[in-house]
Amino acid sequence: MSTNHFNDNNEPEAHSSADVSQKSTPADAGDFDQLKSGGFIKQKQKDLFTIRLQVPGGRMPLDKLRKAIEAAEKYSSADYLHLSIRQSVEIPYVNYRDIPALQMHLNQADQAIASCGHRVRVPTACSGCEYNPNGLVDTQKLASRAHEQFFGQDTPHKFKMNFSGCPIDCARSSEADLGFQGAVEPEWDEDSCVACTICEKACKENAIHCDDEGKPVYNPGNCLACADCIRNCPTGAWRSRRTGLIVRVGGKHGRHPLNASVVAEFLPEERVPQVIQGTVQWYLANRPDNEKLRLGDLLRRTGMQSYMQSMAEVFGECAVKEPQPPAPVIIHRNGDKRI
Amino acid sequence: MKTIDITSDLELDLRDQVCPYAFLQAKVALEDMAPGQILRITLCGRDIENVPRSIKEEGHEIIHVQKDGDSFMFYIKRCPNASNA
């Protein structure tokens, strides 16, 4: 029988350092203790592991990539690196005996090994506003800070965070335990407007209609806060009233995906660390005994009120009133049977 | 729509151009003009969003827009500090 264990995401379970060091390893047990937060994924093949590297936001400095290639050439029996679904770089086919030496090699470029198991994972992010024309917030900076501050913290189950720069949501903030998405609320300045009606054409959501004189009428109920009107206004009559983050909680992918709940809108960037901290704290405080539950499944059980109350101070005026719990997304023919 | 009398120093009809050539033609034309001079370009379709946006990003100023059926005429002021690359 295979020794592989599969979890809800059909992802091989990571083996903790304890599993590795039980085997007669020549390496110092202390080396393995440093790797407690995981990052080794047992392969089908005897004694072989895949090593998952930390690549927050999918941005890998060239010196680190070089070291990863060198390490793979030296310690992996494969002739490739694997790009994981969550923007990580993985070195497959590494014998567990070589893990300490491989880690020392990666250390030369401060390339750390990622995490597996029940803890805060490496965040993913799009390229953000730095050079992507659609980007509304600096997702790379936000992801990098979140990573520095929260990576590896213990949580009741895996805890994933995604950062998208705009409502196109390439980083799938709706599928993360905690997702952040850039958003801009527009406002219109009559004096700068030349009534050209280009904003009406630029808006893909029918949130702007121009009257007979060509002046725009804004319908916030249709607006996705993408800032197309601001970008496309030739005269700068559309401006940002509020720029911030849409906060989504309780999403996940896997066998039984959940569509995250929008719990806050236009949250100022500087409050992101408090949102992460508060959410992890609530998750830990409300974990069920003897049961592994993702945050979204827990919220479906408790309802949203307890979470929203505990986050009331952090969300403040940005809180969404009476949000619905995360909703199942059925992707399998029989996927609705467990609900 | 407000109608304002603006005299342009150069006019380009870019309605037959394929993206990104409409923008590039306007950009090259602006680079050959003196700061403060006015370029008028005529655009239609999706170009009315992409081209003016890119021109603003170059640092030029769109001082007026006039609708002409399905087309739009943009009056662009060549800015002194616009990138000259």
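Residue numbers begin at 1 in each chain, while the letters A, B, ... track the order of the sequences. All values below come from the heavy atoms of this structure, side chains included, with hydrogens, waters and symmetry mates left out.
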For [X], does the [atom1] atom sit with more than 12 other heavy atoms under 6.0 Å from it, leaving out its own atoms?
| X | atom1 | value |
| --- | --- | --- |
| Glu317(A) | CD | yes |
| Lys77(B) | NZ | no |
| Arg145(A) | CZ | no |
| Gln324(A) | CD | no |
| Asp211(A) | CG | yes |

- [ ] Rounded to the nearest 0.5 Å, what's the gap from CG on Asp228(A) to CZ on Arg53(B)? Could you check?
- [x] 6.5 Å
Task: Distance in Å, Leu43(B) CG paired with Ile198(A) CD1, rounded so as to fall on 0.5 Å steps - done: 8.0 Å
Provide the closest heavy-atom pair for [X] versus [Y] in the form atom of the first, atom of the second, distance.
| X | Y | value |
| --- | --- | --- |
| Ile62(B) | Pro234(A) | CB-O, 3.4 Å |
| Glu49(B) | Lys201(A) | OE2-O, 3.4 Å |
| Cys196(A) | Phe72(B) | O-CE2, 2.9 Å |
| Asn50(B) | Asn232(A) | N-OD1, 4.4 Å |

Task: Beyond-backbone contact of Val194(A) with Tyr75(B), side-chain heavy atoms, under 4.5 angstrom - done: no
- [ ] Using atom types as modelled and distance alone, determine if a side-chain donor or acceptor of Lys56(B) lies under 3.5 Å from a backbone N or O of Cys233(A).
- [x]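 Yes; judged by distance alone, with no hydrogens or angles, the pair exists.
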